[in-house]
Amino acid sequence: MKKLLIMCGTGIATSTVVTGKVKTWLAENGLENQVQLYQSKISEELSRIDDYDIVVSTTLVPENIKSKVIDGVPLLTGIGKEEMFEKIKQQILA
């Protein structure tokens, strides 16, 4: 089972919205049993980023972890969300 972290600046507002959308998408695609979801704020996760298989963030992340993080803003704007979900799917199935 993959560990998927969704994080934002405070771990409350935008990460909650994105978590809800990701849960719905996982269920619609039959992937909900392959992923354990976590939600948090970026300041608590920077030192533990390697504990997760997939990381989605709605806030800016430091350059040293950028390659490990999927931009979650498309789930807030609606622009590019299918591409973002495809990135998540590829990492779930990898």
**Cys8 to Ala13 - nearest heavy-atom pair and separation** =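 That would be SG-N, 4.3 Å.
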
**Request:** For Glu45 and Arg48, work out which heavy atoms get closest and say how close.
**Result:**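 Where Glu45 meets Arg48 most closely, the heavy atoms are OE2-NH2, 2.7 Å.
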
To the nearest 0.5 Å, tell me how far [X] [atom1] sits from [Y] [atom2].
X     : Y     : atom1 : atom2 : result
Gln36 : Met1  : CD    : CE    : 6.0 Å
Ser15 : Leu75 : OG    : CG    : 12.0 Å
Ile6  : Ser40 : CD1   : OG    : 11.5 Å
Leu26 : Leu37 : CG    : CG    : 6.0 Å

**Item:** CG/Leu60: more than 12 non-hydrogen atoms of other groups inside 6.0 Å
**Value:**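 Atom CG in Leu60 is not packed in, count stays at 12 or less.
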
**Message:** Tell me whether Leu76 shares a hydrophobic cluster with Ile70, the cluster being built from Ile, Leu, Val, Met, Phe, Trp, Tyr side chains joined at under 4.5 Å.
**Reply:**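 Yes; tracing contacts between hydrophobic side chains, which count when under 4.5 Å, links both residues.
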
**Asked** Which residues satisfy the side chain to side chain contact (heavy atoms under 4.5 Å, CB included) test with Thr16, sequence neighbours excluded?
**Response**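 With sequence neighbours excluded, Thr16 shows a side chain to side chain contact (heavy atoms under 4.5 Å, CB included) to Gln39, given in chain and number order.
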
**Request:** Enumerate the residue pairs fulfilling ring pair (Phe, Tyr, Trp, His ring centres under 6.0 Å) with a member in residues 53-72, sequence neighbours excluded, ordered by first and then second residue.
**Result:**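 Every pair satisfying ring pair (Phe, Tyr, Trp, His ring centres under 6.0 Å) with a residue in residues 53-72: there are none.
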
**Item:** Test side-chain contact (heavy atoms from CB on, under 4.5 Å) applied to Leu93 and Leu31, step by step
**Value:** CA-CA 9 Å; Leu93 300 176; Leu31 298 169; 4.2 Å; yes

**Item:** With Thr14 via side-chain hydrogen bond (donor to acceptor under 3.5 Å, both in side chains) - residues at least two apart
**Value:**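 Partners of Thr14 under the side-chain hydrogen bond (donor to acceptor under 3.5 Å, both in side chains) test: Thr58.
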
**Message:** If the condition is side-chain hydrogen bond (donor to acceptor under 3.5 Å, both in side chains), which residues does Lys2 pass it with, not counting sequence neighbours?
**Reply:**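 side-chain hydrogen bond (donor to acceptor under 3.5 Å, both in side chains) list for Lys2, sorted by chain: empty.
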
Check residues 81-90 and write down every donor-acceptor pair under 3.5 Å in which the side-chain atom is one partner and the other belongs to a residue at least two apart or another chain.
none

**Prompt:** Hey, what else clusters with Val73 if you join Ile, Leu, Val, Met, Phe, Trp, Tyr whenever side-chain heavy atoms sit under 4.5 Å?
**Reply:**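 Noted: Val73 shares its cluster with no other residue.
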
**Request:** Among Ile, Leu, Val, Met, Phe, Trp and Tyr joined by side-chain contacts under 4.5 Å, find the other residues sharing a cluster with Leu5 and list them by chain and number.
**Result:**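 Noted: Leu5 shares its cluster with Met7, Tyr38, Ile42, Leu46, Ile49, Tyr52, Val55, Val61, Ile65, Val69.
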
**Prompt:** Do Leu4 and Asp53 come within less than 4.5 Å of each other through their side chains, counting heavy atoms only?
**Reply:**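 Sidechains of Asp53 and Leu4: no contact.
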
**Side-chain touch Val22/Val56, heavy atoms, less than 4.5 angstrom** =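 With C-beta onward as the side chain, the pair stays apart.
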
**Prompt:** Can you name the salt bridge (Lys or Arg N to Asp or Glu O under 4.0 Å) partners of Lys66, sequence neighbours left out?
**Reply:**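 By the salt bridge (Lys or Arg N to Asp or Glu O under 4.0 Å) rule, Lys66 matches Glu63.
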
**Request:** Sequence neighbours left out, what pairs pass side chain to side chain donor-acceptor pair (under 3.5 Å) with at least one residue falling in residues 67-80?
**Result:**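 The answer is Asp50-Lys68.
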
**Message:** With salt bridge (charged side-chain N to carboxylate O under 4.0 Å, His left out) as the rule and sequence neighbours excluded, what pairs involving residues 9-31 come up?
**Reply:**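 Pairs touching residues 9-31 that pass the test: none.
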
